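Report on the following structure.
For clarity, every value in this text was computed on a predicted model and none was experimentally measured.
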Number of protein chains: 2
Amino acid sequence: MRFEAVTIKDIARALGLSTSTVSRALRDSYEISPETKKLVLDYAEKINYQPNPIALSLKERRTHSIGVIVSEIANSFFSQAIDGIESVAYRNGYNVIISQTRESAEREQVNLNYLTSRSIDGLIVSVSAETSDFSNFRELYERGMPIVFFDRIAPDINTYKITVDSYRGAYDATVHLIRNGYNRIAALASNVLLSITRDRLAGYRAALADHGLIEKDEYIRYCQHGGLILEETDIAVSEMLNAPERPDAILALSDKLTTGCLRVLKAHKIKVPHDIALIGFSNSDLTELIDPALSIIKQPAFDMGEMATNSLLQMIESKKPITDFNTTTLAPQLIIRDSSQPGR
Amino acid sequence: MRFEAVTIKDIARALGLSTSTVSRALRDSYEISPETKKLVLDYAEKINYQPNPIALSLKERRTHSIGVIVSEIANSFFSQAIDGIESVAYRNGYNVIISQTRESAEREQVNLNYLTSRSIDGLIVSVSAETSDFSNFRELYERGMPIVFFDRIAPDINTYKITVDSYRGAYDATVHLIRNGYNRIAALASNVLLSITRDRLAGYRAALADHGLIEKDEYIRYCQHGGLILEETDIAVSEMLNAPERPDAILALSDKLTTGCLRVLKAHKIKVPHDIALIGFSNSDLTELIDPALSIIKQPAFDMGEMATNSLLQMIESKKPITDFNTTTLAPQLIIRDSSQPGR
DNA sequence: TTGTAAGCGTTATCAC
DNA sequence: GTGATAACGCTTACAA
C-alpha cells in the first residue's frame, strides 16, 4: 500500500521546464516571469501538488516537529498540558510527537533515543518518577538539542523550565489544614527522586514548623511509582492509618495520589472529612463533583504546556545561542471545598 | 541553535573508507570483512553515530510515523485511546503525531492537510462533531493513505473501523432505567451528524418502543459542540426540565455530556437520583467517586486505540492492497451504581 | 528568465 | 571486499 505523490519533477516534465524553474515559480521568486509562474501554479493546483516535507527536512535540517515526553497521557494534568503544547505548536506550524515513560527511567531513555537523532527540532520533557540520572538529557542538550522541562524538571540543566510553585502550594494547603484545626497532618508523596516531591514536602514541612507542629516520619509515605499502581497507594495510606496516633488529615502530593487516597479511604470505610480530612494536588475537572467535594491544589497545566512550547520554539528559531534562560514559576491555585473542612 | 549530527560521511572520512562500505558495515552486510566491520562499528559507537531517520524516510518513502486526529486530547476517552495507540506504535517502532480538532470541521481539514502530504504513513481518526462531509478523507484514502476510523467513524469509507456497540450500550442503559421504574426518560445527545449520536439514539428509541413507552420530541436534546461548552449543555438540560412533564431520568450520550449534565442538575439543586436519575456514557476513572456514584456506559478506549493501531500498521505494512476490511465492534460495559437507581 | 548541478544522508546497483 | 555513482525530492549557487 503506497501513497502516490506528485513531485516537482512531474510538473517540470509535464510543462517542459526544469525542476529549478518550477521550484522557484512555486515559491513565487522574482526571477520567474509572470506567465511561467501562472502556468506552474495553475498546473500544480490542478494536479494537487503538495511539497514533500521530508525532502524539505533533509535539506533544511529541521523537521518542524517537537517531541514530548511525559509519564502518562491518560492523566488530567498531562493531557491538559499536551493540549496547551498542541495549541501553540499548531499555531506555529509544528507537529507534536508524543511518547510516554509510564514512570520508567528505562523507557524514558528508549524514547529519548528514539525521538532524537534529528527527527525532532526540540523536546519538551517532564521526567519520569524513576529518573535519577539526567546525564542523557544533559548530553543531548549539550550536543545542541533544544530542551524545555516542565513540572518535573532536571535541576542541573541550564535551560528553560516551567514549574509551579510547588513549595507554596503545599505550604498553603498545609496551613489551611492547620487553621482548620488539624494537627496530625500526614503527607502522601510520590517518588522522592522527583524535584516536585522534594519541593512539595519542603513546603509541607515548613508549614508544620512555622506553626509549631512536629514533623513525624510515620506521617510521610512515598509511592515509588507515583501512585500509578493503586496497591502502592493502598499500602502507603494503610501504614499512615496504622500509625500510633492516626493522622487527622492527609495532604496528597500528586494527581493520582489524591484520588487514589480517597479511594483507599473509602474502601476502609473512613469518612472524609469527618474521620480524616483530605486535600491534594489535582487537575481533574471532576473534583468538585466528587463525594466529598475535593479541596485541591490545581496547576495551570494548559498554560504550562503553552509556555513550555513558546520557550522551546524561541530556542529552536533563535539565530544566536540563548544563554539567558529563566525558570518560570507559576502560581498554583488553592481551591477549598468540603474534603478539608471539619463539619462538612 | 542547531543539533550537530554525526553522519556516515564523517565515519568514512575518519576511517579512510567509502560511505558505501561504512553503510554496509553498519548494516552488517555479508560483503564486508570482519575487520572492517569491527573498525566501523567501534568507531560509530565511540562517536555515538545515529542514522538520520529523515534521510531514510526520503529514501524509503515512509516515515514510521502515524497521525492521530481527535477532537480533544484532554478528555478521558481520547486520552485513554491515545494511550493505547502510543503503546502499539511504540512496540512497533512508530512515532505518534497528535492533532486536535476541537470539534471544528474546518480545523479538522487544516490538520488533515498538515499531517498528510506524506509526512505520515497512516492516519487514525475520530471525526469532529461538525463533520458532515467526508470527501476529504475519502479522497486522501483513495489516493492511497491508509486510514482507520475509531469511535466516530466515516460511514461510507471502506476501511477498518473500530467502534463500540453504541446501539446496545444505549439500549441496555435505557432498559435498565425502565426496569428501575423510570418511564419519562430523556436523552441528552451530542451533534446529530455523528455516527455514534445516531446509533445511540436508535438504541434509546428501540428500548422505549420495546417496552411500550412513547418517544417524545421534547425529551431529546442535542448539543452541537458535543458539550464542549457547558452553556450549551445547560440550555439543553434546562429545556428538558421545563418540558410539560418533567423527565424522571436522563440518558447522556457522551463523556462530556454526562458530567456536564450532572453539573447542571446540581446547579439547579436537583437531587440525583432522588429527583432525576442519570446514566451516561463516560470513560472517566473518577465516576465511582462522584456524588452520587455515577452509573455509566464505559467504552474500552485503550483497547480501541490498540486495535485501531494494529489495523493501521497492518494496512501500512501489507504488500498487497487490502480489500477485505472489517468493522470491529466492541462491547460497551454497563456499570450500574447509584445515580440510576431509586432510593439511593 | 531559465537551466545545470551540487548537496542534504542514506542505500542499492554496478564496477573493479 | 570495497568504491563510485545514482537516486529519493527539494533548494540554491552558478551558468547560460
Reckon [X] has a side-chain N or O less than 4.0 Å from the OP1 or OP2 of [N]?
X: Tyr30(A); N: dT2(C); answer: no
X: Lys9(B); N: dC8(C); answer: yes
X: Thr19(B); N: dT11(C); answer: no
X: Arg61(A); N: dG9(C); answer: yes
X: Thr21(A); N: dT2(C); answer: no

Rounded to the nearest angstrom, tell me the gap between atom [atom1] in [X] and atom [atom2] in [N].
X: Ile54(A); N: dA7(D); atom1: CD1; atom2: C1'; answer: 16 Å
X: Asp28(A); N: dT12(D); atom1: CG; atom2: C1'; answer: 17 Å
X: Asn52(A); N: dT11(D); atom1: CG; atom2: C1'; answer: 13 Å
X: Glu60(A); N: dT12(D); atom1: CD; atom2: C1'; answer: 12 Å
X: Leu15(B); N: dG3(D); atom1: CG; atom2: P; answer: 10 Å
X: Ile32(A); N: dT11(D); atom1: CD1; atom2: C1'; answer: 13 Å
X: Leu56(A); N: dT12(D); atom1: CG; atom2: C1'; answer: 13 Å
X: Glu31(B); N: dC16(C); atom1: CD; atom2: P; answer: 16 Å

Strictly below 4.0 Å, N to O, side chains only: are [X] and [Y] in salt-bridge contact?
X: Arg91(B); Y: Glu306(B); value: yes
X: Glu31(A); Y: Lys37(A); value: no
X: Arg102(B); Y: Glu108(B); value: no

Quick one: which of [options] gets closest to the side chain of [X]?
X: Thr7(B); options: dG9(C), dG9(D), dT1(C); answer: dG9(C)
X: Ser33(B); options: dT11(C), dT2(D), dT1(C); answer: dT2(D)
X: Leu58(B); options: dC8(D), dT11(C), dC10(D); answer: dC8(D)
X: Arg27(A); options: dG3(D), dT10(C), dT12(D); answer: dT12(D)

* Can any side-chain N or O of Ser57(B) pair as donor or acceptor with the backbone N or O of Arg62(B) at less than 3.5 Å? -> yes
* Counting only N and O atoms by type, is there a donor-acceptor contact under 3.5 Å from the side chain of Ser23(B) to the main-chain atoms of Thr19(B)? -> no
* To do: Could you check Ala55(A) against Thr36(B) and say which one's nearest nucleotide on DNA chain D is further toward the 5' end?
  => Thr36(B)
* Structure fact -> Assign each of Arg24(B) and Lys59(B) the nucleotide of DNA chain D bearing its closest heavy atom; nearer the 5' end lies the nucleotide of Arg24(B)
* **Check: dA4(D) base within 3.5 Å donor-acceptor of Ser20(B) side chain** => yes
* Classify the nucleic acid contact of Ser57(A) as base, sugar-phosphate or nothing, counting any heavy atom under 4.0 Å across all strands shown. =>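 Nothing, no nucleic acid heavy atom in range.
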* Asked: Mind checking whether Phe325(B) and Tyr160(B) have parallel, tilted or perpendicular rings, split at 30° and 60°?
  -> perpendicular
